[in-house]
Amino acid sequence: MEADVSASMLFLILAEKEHPMAPDSTTARIPKPASSQADLLYEAQQRQARHFRTNVGLSWGILLLILVYLFSGQDFLGIKTISLDYEFIQNNMSFIARGISETFIVSALSITLAIVLALFAALGRLSTIPPVYALSTFYVSLIRGTPLYLQIFFFFLALPQLGIILTGLWAGVFALGLNYGAYMSEIFRAGLASVGKGQREAAIALGMTPRQTMQRIVLPQALRFAIPPIGNDFIAMTKDSALVSATGFVHEIMWRATRVGRAQFHNLEALIMAAVFYWLMTLFLSYIQSIIETRLSRGDR
Amino acid sequence: MPPIIKISSLDKYFGRLHVLKQVSIEVAPREVVCIIGRSGSGKSTLLRCINFLEEPSFGTIEVDGLKVEAGRKGKEHRQLVHDVRLKTGMVFQEFNLFPHMSVLENVLEGPVTVKGMDRTQAIALAEEHLDSVGLLFKKDEYPNRLSGGQKQRVAIARALTMEPKVMLFDEPTSALDPELIGEVLNVMKKVAKGGMTMLVVTHEMGFAREVADRVLVMAEGELVEDENPEKLFNNPRDPRTKALIDRYRTGNY
């Protein structure tokens, strides 16, 4: 079944077990029944699940081949394809690839900042103290009401006037972190709301203080609820981090691609290389995310 | 013997709704008191006022010598309420076990986090109480792997591990499948036999009859009857009690 797909790609595809169509994600958890007829049925279901995965893998392989073919420059049956300068690609591959670490660092720092901000914003949203509630809603409204691209420039341009000179990297991290924090606060808010009133009451009846109730009972459950959407946001952020290149000081994937592309008049090749690297990064992150989610669902929910 | 619980002229309003009207009750140590009444009669609210899950509007509540007046605010009041909660254990209709903790961790949470008890000591105590509800063998399971009856028994162990003076049960069997009610009632009987003071809001007339020393009847926020079970079930004084008992007889409450 590996015939048409490169081994690593297939590995990633198979890791994505969470697809709702994949029958295995439900059947695999059913404990093996005792009777022989049930055994047969169970095996048939397993076979069907394997069959489904094989065919999904094959189809992915075919789609990937078609995609690669579209960039081959070949003219087949009158269908034109895009022609690329493969020598340029070969020569500049490593230069752009070196941006992966920078992209990852920007995203990881930004998501960390975003999680902290989102948590406070969500707690502020639950507060009964008017200024705290106002601060939270004001922040979310302001950030969600303006473009991310603009916010990145704002940090880069405005802060020096206050005597705060941030490197391009930190300006980018603050802008991305603030922006995602505002959106993510809704995730945490939903997470906090998902913890039933009875949980708080049980904690209070045991004699826990409001702080203990929040730390020991409510937050752990809310975070568990929030982890899958945080993963999604992290994946989205690795791509939005490309906007940071606009300031010209963070040498991440996008900055490197535009630089070599412009200098040697090979913008398309450079951008396609960047696209491949972003895609590979997000595939890897999706794989990590699916592992975490499986582990979480196995636990106690 | 002085009462361990003394509720004096308690009133509770939800907005304009008057849900408890001048309720006064005394409960002696080791007494088992069942509270019955139709839904909306205020029986759960009364129970929840005792550990201040609901803040009463007027009146006083005294638990084991701690006297709390309704409607107060401030640090002193909060400390008093906290101390009352340490003297009361509560069991909920919906169990409210913590789903992210194992059975043992659920039971440990109170003594370790609230009382700051040494963990090894707390584990010994927790295991003792889990054993007494017959669920020591489930200590490493998570709540979602337990039946409703088992969940409720763990909830009882969780409350008992705090070594309260009084146990409050808020319709402990109402969320259970009929075949699981018995195991929970049996554990409650055992707790009662152990000499625990218990207040039980319930629809289980058999339990009230067999275990309760007194049965209180609530109707429209008022305490309409306070009688020993034999007399109450054979000879209801208030017409509302009679109607209630008839409803239970026909299973239509």
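Side chains included, hydrogens not; waters and symmetry mates left out as well; all remaining heavy atoms used. The sequence lines fix the lettering, A, B, ..., with proteins before strands; numbering per chain opens at 1.
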Taking [atom1] in [X] as the centre, count heavy atoms belonging to other residues, nucleotides or ligands within less than 6.0 Å. Is the count above 12?
X	atom1	result
R30(B)	CZ	no
K67(B)	NZ	no
K6(B)	NZ	no
F138(A)	CZ	no

Contact winner vs chain A - L86(B), T161(B), T113(B), heavy-atom pairs under 4.5 Å
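Top option by heavy-atom pairs under 4.5 Å: T113(B).
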
Interface residue of largest heavy-atom contact number with chain A, from Q93(B), R48(B), R145(B), under 4.5 Å:
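Ranked by contacts with chain A, first place is R48(B).
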
CG of N51(B) to CD of E201(A): how many Å apart, nearest 0.5 Å?
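It is 9.0 Å, given to the nearest 0.5 Å.
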
Could you grab the distance from atom CZ of R200(A) to atom CG of L53(B), nearest 0.5 Å is fine?
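With rounding to 0.5 Å, CZ (R200(A)) is 13.5 Å from CG (L53(B)).
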
Closest contact, heavy atoms only, [X] versus [Y]:
X	Y	answer
G207(A)	H82(B)	O-CE1, 2.7 Å
A205(A)	F92(B)	CB-CZ, 4.0 Å
L206(A)	M162(B)	O-CE, 3.2 Å

Tell me, side chain or backbone of [X] under 4.5 Å from chain A's heavy atoms, or both, or neither?
X	value
S102(B)	neither
R158(B)	both
L97(B)	backbone

Taking H100(B) for the side chain and V218(A) for the main chain, is one N or O donor matched with an acceptor at less than 3.5 Å?
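Such a contact is absent between H100(B) side chain and V218(A) backbone.
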
Any side-chain heavy atom of M208(A) within less than 4.5 Å of one from E109(B)?
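Side chain of M208(A) against side chain of E109(B), heavy atoms only: contact under 4.5 Å found.
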
Within-4.5 Å side-chain heavy-atom neighbours: Q199(A) and P99(B)
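In short, these two side chains touch, coming nearer than 4.5 Å.
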
Measure distances from Q212(A) to the heavy atoms of chain B and classify the residue's part below 4.5 Å as side chain, backbone, both or neither.
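Only the side chain of Q212(A) comes within 4.5 Å of chain B.
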
